[in-house]
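Data first, discussion second: the structure below is written as structure tokens.
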Amino acid sequence: MSQSRARTLSDIAKAAGVSRMTVSLALRNHPAAARATRERIQKLAGEMGYRPSPLISALMTSVRRRRSAPQSVVLAFIVDAQSVKRPTLGEYLQGARRRAGELGFKLDVFTYGDDDGATHGDGMTAARLDSILYARGVAGVIIAPLFEPGKTLSMNWERYAVTALGYSMPAPALHRVVNHQIRGITIALERLAELGYTRPGLALDDSDDVRVFHNWLAGYLAYAHLHGKRKFPPPFITKEWNRRTFAAWFKKHRPDAVLTLKEDVLPWIKACGVSVPEDAGLAILNWEPDSGGVAGIDQDSVGVGVGAVDVTVSQIHANERGVPAQPKI
């Protein structure tokens, strides 16, 4: 049986009654071609069995990269003002700036919101921020984790290649770059077991659990299920995160190690008459250089920042804008 001839851009152009350039723009989802035209040509190309050459696509991507570098294309790193002082944010930004420079892009930081969260700083609403980014010709946007999980930014996403850091902004469903929290807590639990701890407990502020889409809780419960012969304390996840509620949980369930996010748990444990690490261990799930002598998991936030730039730039080179049909994490 003979194999049918591979379809070309010219074949599609002839069938669609448009120029070869219009087909090229449509298949690259370029905004220079009207949306209706793009959708019609993309559907027709699929019906005709068109498949792009990976070698030619790679070559053209390389050409576009060389062309874009001298123009200092701007990437926007959007920061919630209430999160500015978080050490993790500084590490995200460090990695993002380094990678942007390596790829020939300029990374600018845009801060919105006031420290108290009352307004969008200097009267800046999300719409105002959107207009500034658009006026400055920003090609790609990286959204740092929001201070309050579950919130969103109302912007014209179709203008930009967009990547979100973490899960704190659940909508719209964007491409995301995030450390693997389930794997992180699994590593912590495995290491605690190697050190002889048999009853590790998970203690989190409810907002921190929501912020990571419950991945730490999921990892903890999965590990407990797979090690069923050991008695794991029930997780302590509460909206009333304070010394009193923690002490009540700790004294009732007596974990011999605590996994948490906040170093202030250390004096809380000691206040229960327990020494660390002699009587009970303590592991921080987001260990940072200023965490002191507390052990924990380094989430490589610098690497996450690097990854965010890579994902954003790949969208720019592919002329992809807006909310993706199939977001990747």
Side-chain angles (χ1 to χ4, degrees), residues 79-91 113-118 144-151 166-170 178-179 181-182 184-185 188-189 191-192 197-224 231-299 301:
V79 179
D80 185 334
Q82 296 183 84
S83 301
V84 167
K85 296 180 181 180
R86 288 189 169 184
T88 302
L89 182 67
E91 295 187 6
D114 288 339
D115 309 8
D116 59 5
L146 304 184
F147 181 81
E148 186 175 352
K151 298 294 184 179
Y167 301 100
S168 63
M169 191 177 81
V178 59
N179 68 287
Q181 286 110 3
I182 291 180
I185 194 170
L189 288 164
R191 182 60 178 145
L192 286 170
Y197 296 102
T198 60
R199 285 179 51 77
L202 176 64
L204 294 174
D205 186 314
D206 178 73
S207 64
D208 290 325
D209 182 49
V210 172
R211 179 177 298 281
V212 300
F213 201 56
H214 311 289
N215 276 321
W216 279 315
L217 174 61
Y220 179 80
L221 294 177
Y223 188 89
K231 295 182 179 179
F232 286 73
F236 175 63
I237 299 178
T238 178
K239 293 181 179 180
E240 298 182 22
W241 177 261
N242 55 57
R243 176 174 169 174
R244 178 186 57 80
T245 56
F246 174 84
W249 169 79
F250 188 86
K251 291 177 180 179
K252 179 178 179 179
H253 299 286
R254 287 294 173 181
D256 64 355
V258 176
L259 296 118
T260 188
L261 276 178
K262 305 181 187 299
E263 292 87 349
D264 55 10
V265 168
L266 179 58
W268 292 358
I269 295 176
K270 292 180 177 179
C272 293
V274 176
S275 60
V276 178
E278 292 79 10
D279 300 324
L282 176 63
I284 303 298
L285 293 171
N286 183 18
W287 183 91
E288 295 165 336
D290 63 352
S291 294
V294 180
I297 293 293
D298 182 350
Q299 298 186 108
S301 297

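These numbers come from the heavy atoms of this one structure, side chains and all, not from hydrogens, waters or symmetry mates.
- The shortest distance between side-chain heavy atoms of Y223 and F232 falls below 4.5 Å.
- The distance between the ring centers of W241 and W268 falls below 6.0 angstrom.
- Heavy-atom minimum distance, P170 versus K151: CD-O, 3.8 Å.
- The shortest side-chain heavy-atom distance between I297 and I284 does not fall under the 4.5 Å cut-off.
- Shown here for S168 and P145, the closest heavy-atom pair between the two residues is OG-CA, 3.3 Å.
- Here the OG1 atom belonging to T260 is positioned 8.0 Å from the CG atom belonging to D208, to the nearest 0.5 angstrom.
- Using a 4.5 Å heavy-atom threshold, the side chains of F246 and I269 count as touching.
- When all heavy atoms of Q299 and W216 are compared, the pair lying nearest together is OE1-CZ2, 3.5 Å.
- Taken to the nearest 0.5 Å, the CG atom of N179 stands 7.5 Å off from the CG atom of N286.
- Smallest separation of non-hydrogen atoms from L285 and L261: CB-CD2, 3.9 Å.
- With D256 contributing its side chain and R199 its backbone, the two residues share a donor-acceptor pair below 3.5 Å.
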Chi angles and distances behind the side chain to side chain contact (heavy atoms under 4.5 Å, CB included) call for S275, K270: CA-CA 6 Å; S275 60; K270 292 180 177 179; over 6 Å; no
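- Taking both residues in full, the closest heavy atoms of F250 and A280 are given as CZ-CB, 4.4 Å, listed atom of the first, atom of the second, then distance.
- Using a 4.5 Å heavy-atom cutoff, the side chains of S83 and L146 are not in contact.
- Here the side chains of F147 and S207 are not in contact, with every heavy-atom distance at 4.5 Å or above.
- Note that CZ of R86 and OG of S301 are 11.5 Å apart. Values are rounded to the nearest 0.5 Å.
- The neighbour count for E240 CD, taken as heavy atoms of other residues, nucleotides or ligands under 6.0 Å away, does not exceed 12.
- Here E148 contributes atom CD and M169 contributes atom CE; the two are 14.0 Å apart, rounded to the nearest 0.5 Å.
- Residues P235 and L204 are not in side-chain contact: their nearest non-hydrogen atoms beyond the backbone lie 4.5 Å or more apart.
- F213 has its side chain out of reach of V178: every pair of non-hydrogen atoms, C-beta onward, lies at least 4.5 Å apart.
- Interatomic distance, CD of E288 versus OG1 of T88, reported as 3.5 Å (0.5 Å rounding).
- Counting heavy atoms from C-beta on, the side chains of P255 and W249 come closer than 4.5 Å.
- No side-chain donor-acceptor contact under 3.5 Å links R211 to the backbone of Y167.
- When all heavy atoms of L192 and P200 are compared, the pair lying nearest together is CD1-CB, 4.1 Å.
- To the nearest 0.5 Å, atom CG of residue D80 and atom CG of residue L89 are 9.5 Å apart.
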